[in-house]
Amino acid sequence: GFYDLGGASWLRASLVHTRLDADMTGSLFENDYRRNPSKSINTFTWRRDIATRANLAWEGETVAQGLTTVTLFTRQNDHGQLPAYTITACSGLTCKGTINNNHVQSLGLDVKHVQAFAAWRTRLVTGLLIDHSQNDYVSDNLRITRDDLGVYRSYALNNLANPTGVRDYGAAIRNHAAFAQLEFSPADAVRITAGGRYDRMAYDFRNHLTPGAQFGAADEDRRFARLSPKLGGTLALSPSQSLYANLSQGFTPPEVSQLYSKSVIPDLKPSVYDNQEIGWRARWRNGLQLDSALYRLQGRDTIVSYTTSP
């Protein structure tokens, strides 16, 4: 919804709720894939996603040539599944499997101010972000029963007989960020952009089970922080063509699942990405547009997944 408050200010509100319930297919043995590709050996595997997003934003001209936006937002997400890909270690008519649920709820505040200045067509964008989230995860082991044809028919909890991999933890995530960006034109054909963003993220991890080799890592608090700069420029060759160049840096801390899904917390560093980019934009009278770019993205401490041959 949109509400005009008068006095060069307005209010916007939105609410979105989605629900996805889906059966989950699985893999086939090679002979079935070649001879009977429509066959399914899963009768109960599923995935369920329930998400709610809401925000309330106020926007107004707080000073001359200055526009301020204040957004209060909340979100809640439940991701539950009994996945086919974790059904393994079959022996006779029984197999192992898992069932899990990830619940995330957040509350945050986003403040942004855009200030224009007459000199050099200058524009200053500043902002502040506060995002507090609670990330809870529960995973249980299952005993899967299949029939003589290999079709999975039923399941039951199996934590006592197979405790390894059982998880029940919560992580409070505090993300605070501040950013500023200055744009100006020292000449009519030139536009310069310079800015930076400072992020500080804190994880407060709490294991609801007894920490150990079977039930996950011990409680801990962990902090990440970094200042990421940005510098760019645009040169107008004509009213319809321009060249541009950018130097920027990105910052991505490890995810909660990457840190705390195992029994031992790995010593993971944030991933940092350096981007160098040059490009050419053009637009012709017939409506044809071209946006070309040449860039180099180099990452450090990037987390990758791999398997080794036996």
Side-chain angles (χ1 to χ4, degrees), residues 18-52 76-105 134-171 205-219 254-266 268 303-310:
T18 60
R19 181 185 178 103
L20 170 68
D21 289 282
D23 293 333
M24 183 181 292
T25 59
S27 59
L28 292 174
F29 295 108
E30 183 179 357
N31 58 334
D32 290 324
Y33 171 76
R34 297 185 181 280
R35 299 176 184 177
N36 189 12
S38 62
K39 178 181 177 180
S40 175
I41 60 177
N42 296 289
T43 61
F44 51 75
T45 50
W46 52 268
R47 174 178 177 175
R48 182 179 300 115
D49 284 294
I50 305 173
T52 303
Q76 181 170 303
N77 186 76
D78 272 292
H79 172 69
Q81 59 176 348
L82 196 166
Y85 57 81
T86 62
I87 301 179
T88 57
C90 293
S91 177
L93 299 181
T94 62
C95 307
K96 295 180 180 179
T98 63
I99 184 171
N100 58 69
N101 182 266
N102 186 202
H103 175 80
V104 180
Q105 61 182 37
Q134 179 65 34
N135 188 332
D136 296 320
Y137 179 79
V138 177
S139 177
D140 293 296
N141 288 321
L142 300 177
R143 181 179 184 270
I144 308 292
T145 302
R146 61 180 181 174
D147 61 21
D148 294 334
L149 299 177
V151 179
Y152 306 124
R153 293 298 182 183
S154 62
Y155 63 90
L157 287 177
N158 193 36
N159 289 338
L160 294 179
N162 181 30
T164 302
V166 175
R167 296 290 181 267
D168 184 353
Y169 64 76
F205 171 76
R206 298 296 177 262
N207 190 345
H208 302 148
L209 303 174
T210 301
Q214 294 180 332
F215 301 123
D219 296 352
E255 296 180 2
V256 170
S257 60
Q258 293 170 332
L259 284 170
Y260 305 120
S261 62
K262 306 299 182 182
S263 58
V264 177
I265 300 174
L268 298 177
I303 301 171
V304 297
S305 299
Y306 67 92
T307 57
T308 57
S309 300

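Residue numbers run from 1 in the order of the sequence given.
Although no hydrogens or angles enter the test, the distance criterion places no donor-acceptor pair under 3.5 Å between the side chain of R153 and the main chain of I144. At distances below 3.5 Å, at least one donor-acceptor pair connects side-chain atoms of D219 with backbone N or O atoms of N207. Panel note: side chain N77, backbone V104; no donor-acceptor pair is recorded below 3.5 Å. No side-chain donor-acceptor contact under 3.5 Å links S139 to the backbone of V166. Under the 3.5 Å distance criterion, the side-chain polar atoms of D147 are matched with a main-chain donor or acceptor of V151. A side-chain donor-acceptor contact under 3.5 Å links T86 to the backbone of P83. A donor-acceptor pair under 3.5 Å is absent between the side-chain atoms of D140 and the main chain of I99, judged by distance alone. Of the possible polar contacts, none joining the T45 side chain to the N42 backbone as a donor-acceptor pair under 3.5 Å is found.
Y137 is listed as a side-chain neighbour of R167, based on a closest heavy-atom distance under 4.5 Å. In this structure, D136 and Y169 have side chains that are not in contact, with every pair of non-hydrogen atoms separated by 4.5 Å or more. Contact of the D78 side chain with the N101 side chain is registered, since non-hydrogen atoms from C-beta on lie closer than 4.5 Å. Between F205 and N135, the closest side-chain pair of non-hydrogen atoms is not below 4.5 Å. Taking the side chain as every heavy atom from C-beta outward, I303 and Q258 approach each other to under 4.5 Å. L142 places a side-chain heavy atom less than 4.5 Å from the side chain of L82. In this structure, the side chains of Q214 and S263 stay at 4.5 Å or more apart for every pair of heavy atoms. A heavy-atom distance below 4.5 Å is not found between the side chains of T145 and Y152.
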Step-by-step side-chain contact (heavy atoms from CB on, under 4.5 Å) determination, Q134 to H103:
CA-CA 8 Å; Q134 179 65 34; H103 175 80; over 6 Å; no
List the steps and the verdict of side-chain contact (heavy atoms from CB on, under 4.5 Å) for L20 and I50.
CA-CA 6 Å; L20 170 68; I50 305 173; over 6 Å; no
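The two residues R143 and N158 make their nearest non-hydrogen contact at N-CB, 3.6 Å. Between A217 and P211, the shortest heavy-atom distance links the atoms O-CB, 3.7 Å.
With rounding to the nearest 0.5 Å, the separation of CZ in R146 from OG1 in T43 is 13.0 Å. Atom OG1 of T164 is separated from atom NZ of K96 by 8.0 Å, given to the nearest 0.5 angstrom. With values rounded to the nearest 0.5 angstrom, D32 atom CG is found 10.5 Å from S40 atom OG. Rounded to the nearest 0.5 angstrom, D21 CG and R48 CZ are separated by 5.0 Å.
Side-chain contact check for N102 and H79: no donor-acceptor pair (N or O, by modelled atom type) lies under 3.5 Å.
Within 6.0 Å of atom CD in E255, 12 or fewer heavy atoms from other residues, nucleotides or ligands are found, so the atom counts as exposed in its surroundings. Within a 6.0 Å sphere centred on CZ of R206, heavy atoms belonging to other residues, nucleotides or ligands number more than 12. The neighbour count for Y33 OH, taken as heavy atoms of other residues, nucleotides or ligands under 6.0 Å away, does not exceed 12. Remark: L160 CG is loosely packed, at most 12 non-hydrogen atoms of other residues, nucleotides or ligands lying under 6.0 Å away.
Ring planes of F44 and Y155: tilted class, angle from 30 to 60°.
With salt bridges taken as basic N to acidic carboxylate O contacts below 4.0 Å, one links R47 and D49.
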